[in-house]
A.B. asks: 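One structure coming up, written as structure tokens, with questions to follow.
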Protein chains: 2
Amino acid sequence: MKKTNILKKIENAGLKKTKYRVNIIDLLEKADGLLSASDIHQLLIDNDIQMDLSTVYRTLEKLTENNIINRIELEKEKQSLYEYNREKHHHFMICKSCNKIETIYDCPLTKYEEDIKAHSDFLITGHKIEFYGYCKNCRKRLKIN
Amino acid sequence: MKKTNILKKIENAGLKKTKYRVNIIDLLEKADGLLSASDIHQLLIDNDIQMDLSTVYRTLEKLTENNIINRIELEKEKQSLYEYNREKHHHFMICKSCNKIETIYDCPLTKYEEDIKAHSDFLITGHKIEFYGYCKNCRKRLKIN
DNA sequence: ATATAAATGCAAATCATTTGCAATTAATAA
DNA sequence: TTATTAATTGCAAATGATTTGCATTTATAT
């Protein structure tokens with residue numbers, strides 16, 4: 001992503017433009033999977049950017065609050081994972097064998113939520129789904145069909 | 001639940017029958033909501049049953065492994081919650097305002113999972129859904145429609 | 001009754017995340 | 001440009017749920 005776009009995001013959020021924020025957003029935008037706070041911390045160090053881990057956490061918090069990135073809390077993962085917010089609703093499939101996380105850009109719940117809205121006292125405003133099972137490789141390796 | 005049923009569950013799992021296990025299962029079976037490890041620990045103390053918290057954790061672990069109880073890990077809850085396993089597939093609706101947890105004994109995903117099974121390399125064997133929104137009381141209180 | 005593996009209590013460790021505080025820095029006004 | 005102010009940062013320490021090592025106890029099978 002162009003630096004100027006990142007700066008605009010930070011500005012729109014009313015945050016100060018610090019090199020750390022630009023770097024973290026940039027890094028998450030380029031990452032193709034989910035990253036933990038310490039993954040991010042390490043990647044910054046690899047790029048010769050020294051930044052205290054607590055500042056990484058504080059930065060991720062701020063960026064999450066402002067919907068620039070998403071915090072993902074998966075079952076059994078002790079640590080939170082982060083992704084750049086591409087404004088595209090999605091869910092995850094997690095392999096029970098190798099823990100690979102695949103993304104699904106499809107959602108089976110739209111109609112269901114409308115039904116609940118019509119028939120229940122509970123107003124659903126959002127949801128979270130995780131699918132568990134076996135990825136292609138593990139199915140082959142473990143002979144699961 | 002009758003004590004004999006609990007004992008049978010413990011026996012079927014190949015576990016030793018200790019008073020602690022019987023008590024924890026009994027307690028979860030009677031509970032109407034989800035309980036945390038320390039909730040359970042406290043309830044035991046209230047019933048004059050002294051049991052080390054680490055033993056509570058080890059017991060919950062064993063009972064979960066053997067599907068006698070379920071461990072629930074909800075987004076944003078730092079602690080795991082536990083429920084008696086009534087062998088009835090269900091999901092949760094969590095109020096964003098008061099955090100009340102309501103159970104849904106209905107699942108919109110059966111067909112979707114079959115579709116994925118037919119068209120994807122990923123074999124889904126299970127899933128987890130949480131719905132977020134506002135419960136009846138909070139909708140009224142906060143005037144959300 | 002005895003042997004043996006499982007279960008327990010206690011204290012200490014773990015590990016992701018958070019926080020207090022003093023020092024630094026970015027944004028804004030003068 | 002400089003001064004002001006609030007936000008940001010580094011560092012060290014705290015937090016809090018959960019786990020673990022180890023010596024002791026207990027349930028179950030022989």
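Below, read A as the first sequence line, B as the second, and so on, with proteins coming before strands; counting in each chain starts at 1.
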A.B. asks: Find the distance L35(B):CG to dA17(D):P and express it as a whole number of Å.
C.D. replies: 15 Å
A.B. asks: Take V56(B) and T18(A), find for each the nucleotide of DNA chain C with the closest heavy atom, and name the residue whose nucleotide sits nearer the 5' end.
C.D. replies: V56(B)
A.B. asks: Tell me if the centroids of the rings in Y112(B) and F131(A) come within less than 6.0 Å of each other.
C.D. replies: yes
A.B. asks: Take atom CD of E61(B) and atom P of dT8(C), then tell me their distance rounded to the nearest Å.
C.D. replies: 13 Å
A.B. asks: From dG9(C), dG10(D), dA17(D), pick the nucleotide closest to the side chain of Y20(A)?
C.D. replies: dG10(D)
A.B. asks: Is a donor-acceptor pair below 3.5 Å formed from side chain K17(B) to base dA27(D), judging by atom type as modelled?
C.D. replies: no
A.B. asks: Rounded to whole Å, how long is the line connecting atom NZ of K19(A) with atom P of dT9(D)?
C.D. replies: 10 Å
A.B. asks: Any side-chain heavy atom of F122(A) within less than 4.5 Å of one from K136(B)?
C.D. replies: no
A.B. asks: Would you classify R58(A) as touching base, sugar-phosphate or nothing, given that sugar-phosphate means primed atoms plus P, OP1 and OP2, and contacts are heavy atoms under 4.0 Å?
C.D. replies: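 Answer is base: heavy atoms of R58(A) come under 4.0 Å of a base.
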A.B. asks: Measure the distance from CG on L7(B) to C1' on dA27(D) and round it to the nearest whole Å.
C.D. replies: 13 Å
A.B. asks: Would you say K62(A) and R58(A) make side-chain contact, with heavy atoms under 4.5 Å?
C.D. replies: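 They are not in contact (no side-chain heavy atoms under 4.5 Å apart), so the answer is no.
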A.B. asks: R21(B) CZ to dT26(D) P: how many Å, rounded?
C.D. replies: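 It is 15 Å, rounded to the nearest whole Å.
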A.B. asks: Report which part of the nucleic acid E77(B) touches: base, sugar-phosphate, or nothing (heavy-atom distance under 4.0 Å, all strands).
C.D. replies: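 Counting heavy atoms under 4.0 Å across all strands, no contact is made by E77(B).
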A.B. asks: Does S36(B) make a side-chain N or O approach to OP1 or OP2 of dA17(D) shorter than 4.0 Å?
C.D. replies: no
A.B. asks: Y57(A) side chain N/O closer than 4.0 Å to the phosphate oxygens (OP1, OP2) of dT17(C)?
C.D. replies: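 Looking at the OP1 and OP2 atoms of dT17(C), one of them is under 4.0 Å from a side-chain N or O of Y57(A).
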A.B. asks: For K78(B), which contact category applies under a 4.0 Å heavy-atom criterion: base, sugar-phosphate, or nothing?
C.D. replies: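 The answer is sugar-phosphate, as K78(B) gets under 4.0 Å only of primed atoms, P, OP1 or OP2.
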A.B. asks: Both L53(B) and K16(B) contact DNA chain D. Which one's nearest nucleotide lies toward the 5' end?
C.D. replies: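 Looking at DNA chain D, the more 5' nearest nucleotide goes with L53(B).
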A.B. asks: Measure from CD on E73(A) to C1' on dA16(C) and round the result to the nearest Å.
C.D. replies: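 About 12 Å, once rounded to whole Å.
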A.B. asks: Counting heavy atoms from C-beta on, name the nucleotide in dC11(D), dT9(D), dA7(C) closest to the side chain of D52(A).
C.D. replies: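 From the listed options, dC11(D) comes nearest.
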A.B. asks: Taking the side chain as C-beta and beyond, is there a heavy-atom pair between C98(B) and C135(B) under 4.5 Å?
C.D. replies: yes
A.B. asks: With the side chain of M51(B) defined as its heavy atoms from C-beta on, choose the nearest nucleotide among dT9(D), dG9(C), dA5(C).
C.D. replies: dG9(C)
A.B. asks: Rounded to whole angstrom units, what separation is found between the NZ atom of K76(A) and the C1' atom of dT19(D)?
C.D. replies: 16 Å
A.B. asks: Compare the minimum distances between each of dA27(D), dG10(D), dA17(D) and the side chain of Q79(B), then state the nucleotide with the smallest one.
C.D. replies: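 Of all the options, the side chain of Q79(B) is nearest to dA17(D).
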A.B. asks: Need to verify one output field. Residue with the more 5' nearest nucleotide on DNA chain C, L15(B) or S54(A)?
C.D. replies: L15(B)
A.B. asks: Do you know which of L35(B), N70(B), I101(B) makes side chain to side chain contact (heavy atoms under 4.5 Å, CB included) with L81(B)?
C.D. replies: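 Exactly one candidate clears the test, I101(B).
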A.B. asks: With a 6.0 Å cut-off on the ring centroids, do H127(A) and H89(A) count as close?
C.D. replies: yes
A.B. asks: What's the NE2-P distance between H41(A) and dC15(C), to the nearest Å?
C.D. replies: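 Result: 17 Å.
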